[in-house]
Amino acid sequence: MVPILATCCLFLGIAVSFLAWKIAVLRRTRLDETEAAHRQLEEARRSLESERDAMLNTLNDSFLLIDDEGVIRFANVQAHELFQDRPMIDRGFEEIFLDDRLASPVREAIDQGKRVSSKVLLPQQASPLGPDDQRGETSWIVDAGPMKTERSRPLTRVIIRDTTTEHQTEQVRKDFVANASHELRTPLAIINGYLENLIEDNLVEDREATCRFLKIMRKHSERIARIVEDMLVISRLESGEAGNLKMKPFHVASCVQDVLERLESVISSQGARVDLQIKEEDLTIVGDRFYWTQVLFNLVENALKQNPNIPLKVSVGCECTPDGGCRIWVADNGVGIPSGDLPFIFRRFYRVEKHHSQGEIKGTGLGLSIVKRAVEAHGGTIEVSSTPGQETRFDISLPADRVTSASKA
Ligand code: ADP
């Protein structure tokens, strides 16, 4: 009896141990499976996150996710760059944005749980890009709005877009329209004034006065025509017609000759001396000769126009540069341009002497704008330097691909 009982107990013990072992194995397996599933889930989450980050990093705009307490939870690389790599994750957005003009649309979106989009203009000192960026006033669109998420805490997504270039273009367009209207209004008012005199004061019978008035009116109508013509040239150069420039090789020297012939009467009546410094007679560039004639004409005419009463020497020259490009210059020893005016000299309608009487208006203020746009449309650059009374010099540089190989050889 006892041995049977002992045997039964032994079997039972073995069975219990086997079961316990089996359970332990099963539990281990289950644990391993659960851990593997966790790992897989974690990997999937990480890969989704890195895909999301990669996607958000391809945006041109700064993108941030901010929680309901105003703490930054995510920022793409553009946002990090914008705020100069200051640590921003887990920090309050107001501490990072610094300027309340940037922060307030975000605050409003978080507080009211609705989308807020706002255009923000910041002076240079307030730009988040910091003091080393010399762009002057900057313009931004701050767009913040609630983001639908399955997380319990609501998130607000913020997009910050740099619109400085668009803002500047718009500003230039507005200034152009305002300046053009102003410039056209003056000669028109003068013509209208004389017409009124002729009609209302019944001066038509007075032949001498009528002739005098008509001559003045013609001068001002010619001025209107010149302004309109110059504006059309600028608009053609800016409106992409630059891509349709009639590019052909031509000799710089012959273009210079054309210009000097056209200005011959002014040169001789002023007693000016022209010094030609054509270093390579056969220097040939590829470009639209019409615009190059205008470029050289405007530069030489300016030198003459600004210095009617001094013994003037104008130098016009061209030479190849070591990089295979070329340099073309016009210089004079006249009154020059004050250093304070130099940065603005290529702006439309900019004149050094702004207060002039009717008789003293010398140009449209568009000549150098045309010069700069035409040079740039040919892939070149123009620089100006001036020491009044000594030398005022305009230097045009053209890259190698605008100079034909014949003249490079
Ligand atoms: P404008 O058609 O009135 O000549 P520009 O754009 O050609 O206008 O020139 C702008 C201003 O730059 C001129 O009003 C003049 O004051 C100045 N300027 C240009 N070239 C010279 C120069 N060679 N010497 C002195 N001043 C110059």
Side-chain angles (χ1 to χ4, degrees), residues 172 175-176 178-187 219-220 222-238 256 259-260 262-263 266-267 270-277 291-317 328-377 381-396:
V172 166
D175 289 351
F176 187 39
N179 285 332
S181 319
H182 173 78
E183 291 293 329
L184 291 171
R185 204 180 290 140
T186 313
K219 197 179 97 190
H220 289 283
E222 279 169 0
R223 181 168 170 76
I224 294 175
R226 185 155 176 208
I227 292 174
V228 172
E229 186 50 41
D230 282 356
M231 283 183 353
L232 282 175
V233 174
I234 291 188
S235 117
R236 275 202 295 272
L237 282 166
E238 284 184 345
V256 171
V259 168
L260 295 181
R262 280 173 59 187
L263 285 166
V266 191
I267 294 170
Q270 254 181 251
R273 192 154 64 82
V274 178
D275 178 22
L276 274 184
Q277 300 174 349
Y291 286 111
W292 280 105
T293 310
Q294 190 144 13
V295 165
L296 292 168
F297 184 92
N298 286 357
L299 292 177
V300 178
E301 194 202 27
N302 269 352
L304 296 163
K305 203 165 58 176
Q306 301 300 330
N307 302 290
N309 303 319
I310 61 160
L312 187 72
K313 189 178 111 181
V314 184
S315 314
V316 187
I328 302 170
W329 65 91
V330 175
D332 68 73
N333 63 343
V335 290
I337 304 165
S339 57
D341 290 289
L342 281 179
F344 313 109
I345 208 78
F346 294 107
R347 282 193 187 169
R348 289 179 280 206
F349 296 111
Y350 192 86
R351 289 193 207 90
V352 173
E353 282 168 41
K354 289 159 200 87
H355 307 290
H356 41 62
S357 67
Q358 289 169 19
E360 285 171 343
I361 304 172
K362 288 178 181 166
T364 60
L366 292 170
L368 289 179
S369 298
I370 293 176
V371 168
K372 189 170 192 301
R373 276 162 186 78
V375 168
E376 286 172 355
T381 54
I382 180 161
E383 280 172 21
V384 57
S385 61
S386 181
T387 310
Q390 286 181 29
E391 188 185 57
T392 297
R393 188 181 175 89
F394 290 88
D395 271 297
I396 296 169

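Both backbone and side-chain heavy atoms feed into the values below; hydrogens, waters and symmetry mates do not. Both ligands and their constituent atoms are indexed starting at 1 by order of listing.
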Checking heavy-atom distances from atom 23 (N) of ligand 1 to each of D332, L366, L368, I345, the winner is D332
For ligand 1, the portion of F346 having any non-hydrogen atom under 4.0 Å away:
neither
Angle between ring planes, F344 versus Y350, binned at 30° and 60°: parallel, tilted or perpendicular?
tilted
With a cutoff of 4.0 Å, is E301 in contact with ligand 1, counting heavy atoms of the residue only?
no
As a test of understanding, state which of I328, V274, V330, V316 forms a side-chain contact (heavy atoms from CB on, under 4.5 Å) with V256.
V316
Which residue from V352, V300, L304 reaches closest to atom 17 (C) of ligand 1 through any of its heavy atoms?
V352
Quick check on side-chain contact (heavy atoms from CB on, under 4.5 Å): which of V371, L237, V375 does Y291 satisfy it with?
L237
Less than 3.5 Å between some nitrogen or oxygen of V335 and one of ligand 1, yes or no?
no
Geometric N/O contact K305 with ligand 1, under 3.5 angstrom
yes
Hey, what do you get for CZ (R348) to NZ (K372), rounding to the nearest 0.5 Å?
11.0 Å
Using side chain to side chain contact (heavy atoms under 4.5 Å, CB included), reason through V295 and I370 one step at a time and then give a plain yes or no.
CA-CA 7 Å; V295 165; I370 293 176; 6.0 Å; no
Heavy-atom contacts with Y350 under 4.0 Å: which atoms of ligand 1 show up? List them by number with element.
10 (C), 11 (C)
With a cut-off of 4.0 Å, which atoms of ligand 1 are near a heavy atom of G336?
25 (C), 26 (N)
For ligand 1, is there an atom lying under 4.0 Å from some heavy atom of T364?
yes
Determine whether a donor-acceptor pair (N or O, by modelled atom type, separation under 3.5 Å) exists between the side chain of T186 and the backbone of H182.
yes
For ligand 1, indicate whether the residue Q306 contacts it via side chain, backbone, both or neither (heavy-atom separation under 4.0 Å).
side chain
Which atoms of ligand 1 sit under 4.0 Å from any heavy atom of A303?
23 (N)
Counting only N and O atoms by type, is there a donor-acceptor contact under 3.5 Å from the side chain of N307 to the main-chain atoms of V335?
yes
Is atom CD of Q277 surrounded by more than 12 heavy atoms (other residues, nucleotides or ligands) closer than 6.0 Å?
yes
Touching ligand 1 at all, G334? Heavy atoms, strictly under 4.0 Å?
no
